[in-house]
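Below is one structure, written out as structure tokens; the observations come after it.
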Number of protein chains: 2
Amino acid sequence: MAGQIRRRNRARILAAAEQVFAEMGLEGATTQAIADLAGMPKSNILYYFGTKEQIYVALLQEVVRFWHESFSGFGPEDDPALALETYVIEKVRMSFSRPAASRLFAREMLSGGHRLRNYLEGELRQWVDERSQVIREWVAQGRMAPVDPHQLLFTIWAATQTYADFAPQVAAVRGGPPDPAAQEALARSLVDFILRACIPPAQPATPPR
Amino acid sequence: MAGQIRRRNRARILAAAEQVFAEMGLEGATTQAIADLAGMPKSNILYYFGTKEQIYVALLQEVVRFWHESFSGFGPEDDPALALETYVIEKVRMSFSRPAASRLFAREMLSGGHRLRNYLEGELRQWVDERSQVIREWVAQGRMAPVDPHQLLFTIWAATQTYADFAPQVAAVRGGPPDPAAQEALARSLVDFILRACIPPAQPATPPR
DNA sequence: GTCTATATTTTGATAGAC
DNA sequence: GTCTATCAAAATATAGAC
């Protein structure tokens, strides 16, 4: 079966295209640049995908599918502090380990997000609705400060993805890109920040009488 | 003096270009689209600016200059809570009132930020260094929780600008773009969030004895 | 399936009339 | 200063040999 070759080549093209699209955008990227990075002639790229835009769309969908699988979420039975900590740490790590994915998504948002409309209004919205319900329960139970669920999620997404999307700004301000130790320190600092904002200070035990 | 006409036309071109570049990017935008939006023939655009990229660079510099003037910053004599509140509220409002400026900046960051290198490593870095010093003083005085200044600023920038840069995501999750009242509510919620994370709870007055 | 050569389109930029 | 007509370059996409 030569389906092997087909899948291998598709994967190589997608990997190359992710880098090029993330840095140059859909219009700025040339199929030639993708071909060069993938190490194959330009025609092969179009043989596998038809048009440049089809590669772009395939990549976007791969990114959101990957995110959706990686961050299954949290439920009302979880401990709020632990759930938030896990989610934030993993999102920061993803920004440092796969920045191109985050940048690709950011570019699509800046362009209006039309190509992800189904995802945004379907899967993502449902995920957010469920998580918002959990957060509201936690708040009602006094296990969490009275945060607005949407604002919390927007803030977490923005604060974690900024390390991928605005990397040049981060590097300029710090005097260089953060090495792995600095990455962990930034992640830790962000987690502590969010937990202070979300988790009410432990009550001095008021014993029932 | 016909310098009037020149300035008027330059301003019209810049206003049109900001919209087009923000939505399409440098390469995605065509001079024709800018000309159409500005209501003048394509040649006039190039007569005033020479090249498409010069318009783009001029816009970027105008944006950072405008931001720099709008957010002069805060000093050690200020009240931390009030200073943060003012800064965050104004940045959120800017995201809603001039989203194209934020998106333009975001695009440049995604592309590597080379055209803003001088700004990032000069003016911005100096501004951050000064503000970081203030924050460290506040922390040392116990007027602020032990936040990492860089992480705090990155988080504020990301959380405020997300309402411009990721507007399609915000609209999809909320079921529509936020109207002015909802914008204020989101700003308020974000401010409260950041203050909970930054400002230590008022100590139960420990009178000196 | 793979690759070279080429057709077609788009678009940034310019020349030159008014 | 303004605008029309045009050039030249670049890049997407395809045709067709291998």
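This is a predicted model, so every value here is computed, not measured. All values below were derived from every heavy atom in this structure, side-chain atoms included, with hydrogens, water molecules and symmetry-related copies excluded. A, B, ... follow the sequence lines: proteins, then strands. Residue 1 opens every chain.
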(request) Show your working on side-chain contact (heavy atoms from CB on, under 4.5 Å) between B/Asp36 and B/Lys42 and close with a plain yes or no. (result) CA-CA 8 Å; B/Asp36 290 348; B/Lys42 185 169 63 163; over 6 Å; no
(request) Using a 4.0 Å heavy-atom cut-off, write out nucleotides 3-10 of chain C from 5' to 3' as B (base contacted by protein), S (sugar-phosphate only) or - (no contact). (result) BBB-----
(request) Would you kindly give the CD-to-C1' distance between B/Glu53 and C/dA13, to the nearest whole Å? (result) 14 Å
(request) Could you tell me the separation between the CD1 atom of A/Ile45 and the P atom of D/dT14, rounded to a whole number of Å? (result) 15 Å
(message) Please report the distance, rounded to the nearest Å, between CG in B/Leu46 and C1' in D/dT6.
(response) 14 Å
(request) Sequence neighbours left out, what passes side-chain contact (heavy atoms from CB on, under 4.5 Å) with B/Val64? Give chain and number order. (result) B/Phe105, B/Leu116, B/Tyr119
(request) Report the distance from atom CZ of B/Arg10 to atom P of D/dG1, rounded to the nearest whole Å. (result) 11 Å
(message) In this structure, how many angstroms lie between the C1' atom of D/dA11 and the CG atom of A/Leu26, rounded?
(response) 13 Å
(request) Can you tell me the distance, in whole Å, between the CZ atom of A/Arg8 and the C1' atom of C/dT2? (result) 15 Å
(message) Please classify the nucleic acid contact of B/Ala29 as base, sugar-phosphate, or nothing, using heavy-atom distances under 4.0 Å.
(response) sugar-phosphate
(message) Rounding to an integer number of Å, can you tell me how far A/Ile55 CD1 sits from D/dA11 P?
(response) 15 Å
(request) Could you work out which one of D/dA13, C/dT2, C/dG12 sits closest to the side chain of A/Asn9? (result) C/dT2
(message) Is the terminal nitrogen or CZ of B/Arg131 (NZ for Lys, CZ for Arg) located under 6.0 angstrom from the six-membered ring centre of B/Trp127 and within 45° of that ring's axis?
(response) yes
Cut-off 3.5 Å, no hydrogens considered: what does the side-chain donor-acceptor table look like for residues 171-183 of chain A, sequence neighbours left out?
| residue | atom | partner | partner atom | Å |
| --- | --- | --- | --- | --- |
| A/Asp179 | OD1 | A/Ala181 | N | 3.1 |
| A/Asp179 | OD1 | A/Ala182 | N | 2.8 |
| A/Gln183 | NE2 | A/Pro178 | O | 3.1 |

(request) Compare side-chain N and O positions of A/Tyr48 against OP1 and OP2 of C/dG1 and report whether any pair is under 4.0 Å apart. (result) no
(message) I'd like to check the salt bridge (Lys or Arg N to Asp or Glu O under 4.0 Å) partners of A/Glu27; sequence neighbours left out, ordered by chain and number.
(response) none
Show the atom names and distances, to 0.1 Å, of all donor-acceptor pairs under 3.5 Å that link a side chain in residues 15-25 of chain A to residues at least two apart or in another chain.
| residue | atom | partner | partner atom | Å |
| --- | --- | --- | --- | --- |
| A/Glu18 | OE1 | A/Arg98 | NH2 | 2.7 |
| A/Glu18 | OE2 | A/Arg98 | NH2 | 3.4 |

(message) Rounding to an integer number of Å, can you tell me how far A/Ile34 CD1 sits from D/dA13 C1'?
(response) 14 Å
(message) For B/Arg65, give me all partners under side-chain contact (heavy atoms from CB on, under 4.5 Å), at least two apart in sequence or on another chain.
(response) B/Glu62, B/Glu69
